[in-house]
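Each chain gets a letter, A, B and so on, in the order its sequence line appears, and its residues count up from 1. Just so we're clear, the structure is a prediction, and the values are computed from it rather than from any experiment.
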Amino acid sequence: MSSADPLLRTALHRWHQAHGGRLVEFGGWSMPVQYRSIVEEHQAVRLGVGLFDISHMGRLTFDGQDALDWIEHCTTNHVARLTENQIQYSLMTNDRGGVIDDILVYRQTDAYLVVCNASNRTKVVAQFQAHQQGTQSHFHDRTEATAMIAVQGPKALATLQPLVDQPLEAVRYYHQTTGRLLGKLDSVISRTGYTGEDGFELIVPASSAEEVWEAILEAGRPHAIMPCGLGARDTLRLEAAMPLYGHELGEDTDPYSAGLGWAVKLDKGEFVGRSILSMRKEAPPLARIGLVLEGKRIARQGAIVLSGDREVGLVTSGTFSPTLQTSIAMAMVAPDARTVGAILTVDVRGHRETARVVKLPFYKRPATA
Amino acid sequence: MDPKSLRFTPTHEWVALQGDVATIGISKFAVEQLSDLTMIELPAIGAKLAAGKAFGEVESVKSVSDIYAPLAGEVVEVNNDLRDNVQLLSDDPYGKGWLIRLRVENPGAVASMMDHDAYEKMVAEDAH
């Protein structure tokens with residue numbers, strides 16, 4: 001998308017503007033990066049519950065007899081293994097084995113739903129279209145007709161339950177249900193998220209987005225719910241070591257280097273990128289690692305990682321971790337520099353900062369009792 | 001300090017001049033824009049600063065920004081409390097959050113800087 005194009009607006013854009021949301025461009029959309037404080041929003045999700053507008057994510061529905069084969073051919077994970085209402089993390093790769101996007105595939109009763117990144121929606125649509133030949137199936141881009149809202153945190157279930165007509169406890173992690181919200185709205189409710197906490201993501205008609213949003217805020221009030229922006233979404237996903245496209249993932253990064261080999265099923269049959277990926281699997285050129293920095297400086301994307309005086313890779317994401325109260329980063333480095341416990345240095349704007357390789361994720365939520 | 005008595009730069013630093021010593025800080029607006037501060041780096045006492053050149057940096061969760069010297073001079077005092085507690089800058093940018101004191105070469109240069117009204121006007125215009 002060129003910078004001259006007007007930014008897309010979600011159905012909640014007016015609400016964000018009216019409530020102090022600081023709006024920035026993200027993936028071609030005007031989105032709130034924060035309302036007040038990224039750290040406060042982050043902590044609300046770790047300790048209670050937070051609410052995110054994620055309507056910018058692409059939503060494509062597929063119907064027809066051979067939708068399964070079509071999606072199977074364009075993605076790396078094994079779609080046929082999904083049971084009804086199950087959801088799968090997957091990747092769309094190009095014929096060089098690079099990542100076009102990371103996506104979620106939902107198996108619904110009579111259809112499949114693919115959720116992709118905002119910035120990659122055009123590419124994802126083009127890739128599906130390029131492999132459409134011979135299929136009787138169709139897909140519909142439902143992104144702008146619907147809104148998507150994430151309710152995340154240990155109090156997400158308690159917040160959402162009173163608004164839904166069925167027991168949400170029964171919806172397992174990476175599963176979905178089609179439920180009725182506010183006694184009237186048919187919605188997709190999935191137990192998924194991008195924060196490292198328990199939580200749900202809802203897909204509702206765009207015309208009802210504000211009503212649903214307000215109802216969740218009201219229901220979450222006893223749990224000190226906060227609306228959260230993309231800033232907190234980023235610090236939360238980084239602590240949970242979830243990759244972000246454009247940072248840990250790109251057209252020139254293979255899934256094995258990114259630590260996502262588990263989402264590639266080479267034995268499922270032919271798919272785009274399979275032959276090159278079967279070679280990459282044996283010797284991925286890079287490895288994704290976690291770094292904890294000794295000092296307070298934040299190592300951001302593009303900072304050079306060194307082992308002694310040898311450049312071994314680049315930082316892909318970095319932030320101040322509100323949970324660990326320290327500077328953390330993920331980096332893509334030569335495989336021989338990945339050893340947990342090793343001491344590396346990062347060049348942060350000319351300062352050599354000491355960093356220790358740690359096991360990912362940085363943060364894992366406490367097991368529920 | 002009453003912000004109305006201060007002078008401001010287009011890069012959001014403030015100056016309070018007493019004799020030939022200028023106390024320098026960052027405006028409330030800039031601090032709010034940065035939000036979630038994590039670290040500040042300040043020069044050592046004795047450092048010579050050139051007007052318009054970066055003399056330190058302030059980092060937030062989101063980004064890192066240079067801090068520019070509004071005037072040329074020599075650093076005579078540094079607010080070391082900020083190194084341990086950068087929150088002071090968020091809480092009180094015109095008071096406990098001051099950054100450095102500078103013995104300035106040309107105190108007269110302050111007169112040409114924006115006053116509070118002019119600075120507020122600039123910020124309001126930038127927002128549109």
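- The heavy-atom pair separating B:Asp36 from A:Ser37 by the smallest distance is OD1-OG, 2.6 Å.
- Legend: residues meeting ring-ring contact (aromatic ring centres under 6.0 Å, His included) with A:Tyr245, ordered by chain and number and at least two apart, are absent.
- Only the side chain of A:Thr235 comes within less than 4.5 Å of a heavy atom in chain B; its backbone stays farther off.
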Residues 350-358 of chain A, side-chain donor-acceptor partners within the protein, below 3.5 Å, at least two apart:
unit_1   : atom_1 : unit_2   : atom_2 : d
A:His351 : NE2    : A:Arg297 : NH2    : 3.3
A:Glu353 : OE2    : A:Arg297 : NH1    : 2.8

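- Residues A:Ile38 and B:Lys62 share a closest heavy-atom pair of CD1-CG, 3.7 Å.
- Heavy atoms of A:Gln325 lying under 4.5 Å from chain B are absent altogether.
- Residue B:Ser35 comes nearest to A:Gln34 through the heavy atom pair OG-NE2, 2.7 Å, listed as atom of the first residue, atom of the second, then distance.
- Not a single side chain to side chain donor-acceptor pair (under 3.5 Å) links B:Ser65 to another residue, sequence neighbours left out.
- Close approach to chain B, defined as a heavy atom under 4.5 Å from one of its heavy atoms, is seen in A:Thr319, A:Phe320 of residues 315-323 of chain A, taken by number.
- Annotation for A:Arg14: atom CZ does not count as buried by contact number, only 12 or fewer foreign heavy atoms lying within 6.0 Å.
- One finds a salt bridge joining B:Glu59 and A:Arg349 here, because a Lys/Arg side-chain nitrogen approaches an Asp/Glu carboxylate oxygen to under 4.0 Å.
- Contact annotation: the side chain of A:Val39 approaches that of B:Val61 to within less than 4.5 Å [non-hydrogen atoms, C-beta and beyond].
- Atom NZ of A:Lys296 is surrounded by more than 12 heavy atoms from other residues, nucleotides or ligands within 6.0 Å.
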